[in-house]
2 protein chains.
Amino acid sequence: MSATAPHTRKEQIYRAASALFSERGYRATSVRDIARELDLQGGSLYAHISSKEDVLWEIIARVADSFFAAVRPITEAEMPAGDRLRAMIHAHVGVVVNELARAAVFFQDWRHLSEPRRSEVLALRDRYEGLFRTAIADGIASGELAQRDARLATIMVLTALNGIPGWFRADGDRTADEIADELADLILDGLGRSS
Amino acid sequence: MSATAPHTRKEQIYRAASALFSERGYRATSVRDIARELDLQGGSLYAHISSKEDVLWEIIARVADSFFAAVRPITEAEMPAGDRLRAMIHAHVGVVVNELARAAVFFQDWRHLSEPRRSEVLALRDRYEGLFRTAIADGIASGELAQRDARLATIMVLTALNGIPGWFRADGDRTADEIADELADLILDGLGRSS
DNA sequence: CCTACCGATCGGTAGG
DNA sequence: CCTACCGATCGGTAGG
């Protein structure tokens with residue numbers, strides 16, 4: 001409902017939970033771990049949340065929204081498929097880097113949602129993959145991309161991009177845009193070879 | 001000690017644990033879940049294992065060995081760096097696909113090892129990445145690969161490859177070799193583009 | 001390999 | 001937001 005509120009207790013809880021979930025995983029993080037981060041007693045959290053899983057759900061649902069909000073508009077832009085794909089990669093990497101912990105939780109801990117939320121996330125992920133698959137298929141059709149298997153290519157692209165939280169540390173020497181540029185080049189051109 | 005023993009209870013435990021860990025994660029799998037899979041009582045497992053974490057360690061240490069055993073020899077072969085890298089990718093994918101559950105556990109659950117095992121795994125992973133980084137750096141030096149950043153390229157390659165357990169299902173319509181071929185092409189050539 | 005148990009910790013609640 | 005508590009489940013052990 002409220003759009004990215006600023007300093008409420010609830011937001012502090014989401015922030016702390018994102019950090020802990022992303023580092024240790026959802027199951028290895030207790031409600032008391034989160035509370036301790038905010039100098040609260042374990043039970044006190046429940047004045048603001050209704051369950052641990054609801055916190056996970058809120059984190060995941062929000063980043064999912066962020067991904068669609070960033071990438072969706074690009075899919076409707078009029079430009080060559082190759083450029084469109086590059087712009088989508090940029091947008092996607094932007095969300096990952098700017099919401100690093102939340103994105104890591106999304107990729108890592110969606111399994112721990114109970115039904116029907118789990119299936120809902122899977123459906124969202126499929127739709128999102130579809131946006132990329134369409135761009136890639138368009139690129140193949142127009143001859144811009146030389147591929148056989150749009151589905152496999154799509155999975156590879158997103159797998160590579162979603163691995164960012166596993167290695168990226170914001171030490172400030174590379175901006176999200178620079179990372180996105182390098183990754184887009186790697187993905188579009190490959191490692192390159194002479195043959 | 002014993003080399004990949006066949007049907008001992010211990011091996012059955014490792015097999016069941018690999019399947020469960022890979023599906024639900026280490027923390028979400030109880031010792032009783034594993035026991036149930038073998039029609040045993042929870043406590044009975046401890047006649048064969050000494051702790052839940054030891055089971056995780058055994059799974060992870062073994063696949064780590066498999067990766068080195070498959071890839072290491074290739075790094076010493078005399079051939080152009082591009083061919084060598086392709087062969088390494090093939091070998092790596094072979095291990096992932098043939099030990100799908102164990103590999104998934106390795107990639108997913110190493111965080112849950114306690115020290116010093118956790119650091120040991122990280123050190124092994126660094127050494128292993130180094131094998132690929134060297135091949136890529138060689139390829140850059142010889143002009144076979146057109147890259148700026150060997151480290152980033154290495155991480156991308158392994159990230160893409162290690163994502164396989166996330167989507168690959170052995171429905172029999174693609175062999176490990178076919179997968180490896182397609183992935184190697186994708187990684188070496190990229191999606192391809194006309195510009 | 002089972003039965004029966006241990007202390008610790010879990011997510012969550014009541015009552016203030 | 002705290003204190004104090006709940007039942008359930010956890011990894012692991014004793015004793016046979």
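Chain naming here is simple, since letters A, B, ... match the order of the sequence lines and numbering starts at 1 in each. This is a predicted model, so every value here is computed, not measured.
- Under 4.0 Å is where a charged nitrogen must lie from a carboxylate oxygen, and between A:Arg133 and A:Asp149 no such pair does.
- Take the nearest nucleotide of DNA chain D for A:Arg32 and for B:Tyr26: the residue whose nucleotide is more 5' is A:Arg32.
- Ionic pairing of A:Arg27 and A:Asp109 is not present here: no N-O contact between side-chain nitrogen and carboxylate oxygen is shorter than 4.0 angstrom.
- A salt bridge is defined here as a Lys NZ or Arg NE, NH1 or NH2 lying under 4.0 Å from an Asp or Glu carboxylate O, and A:Lys10 with A:Glu58 fails to meet this definition.
- Within residues 37-52 of chain B, the residues that have a heavy atom under 4.0 Å from DNA chain D are, in order of number, B:Gly43, B:Tyr46, B:Ser51, B:Lys52.
- Side-chain N or O atoms of B:Tyr26 include none that pairs as donor or acceptor with a backbone N or O of B:Arg111 at under 3.5 Å.
- From the 5' end on, the contacts that DNA chain D makes with chain B at under 4.0 Å to a non-hydrogen atom open and close at D:dC10 to D:dT13.
- Checking A:Phe106, A:Tyr14, A:Phe67 one by one against A:Arg62, the side-chain contact (heavy atoms from CB on, under 4.5 Å) holds for a single residue, A:Tyr14.
- The residue among B:Arg9 and A:Asp33 whose nearest nucleotide of DNA chain C is located toward the 5' end is B:Arg9.
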Quiz item: Given the rule in the ring-ring contact (aromatic ring centres under 6.0 Å, His included) test, do A:Tyr128 and A:His92 qualify, once you have shown the distances and angles that lead to the verdict?
Solution: CA-CA 11 Å; A:Tyr128 190 71; A:His92 184 88; 5.6 Å; yes
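- Interatomic distance, OG1 of A:Thr75 versus CG of A:Leu85, reported as 12.0 Å (0.5 Å rounding).
- We find the CG-CD distance between B:Leu131 and B:Glu129 to be 10.0 Å, quoted to the nearest 0.5 Å.
- Classification of B:Arg86 and B:Asp185 as a salt-bridged pair holds, one side-chain N sitting under 4.0 Å from a carboxylate O.
- With rounding to the nearest 0.5 Å, the separation of NE2 in A:His90 from CD1 in A:Ile74 is 9.5 Å.
- Stems are defined here as 3 or more consecutive Watson-Crick or G-U wobble pairs with pairing distances under 3.5 Å; those involving DNA chain D are C:1-16 with D:1-16.
- Residue contacts shown for B:Arg27 are absent, as no nucleic acid heavy atom lies under 4.0 Å away.
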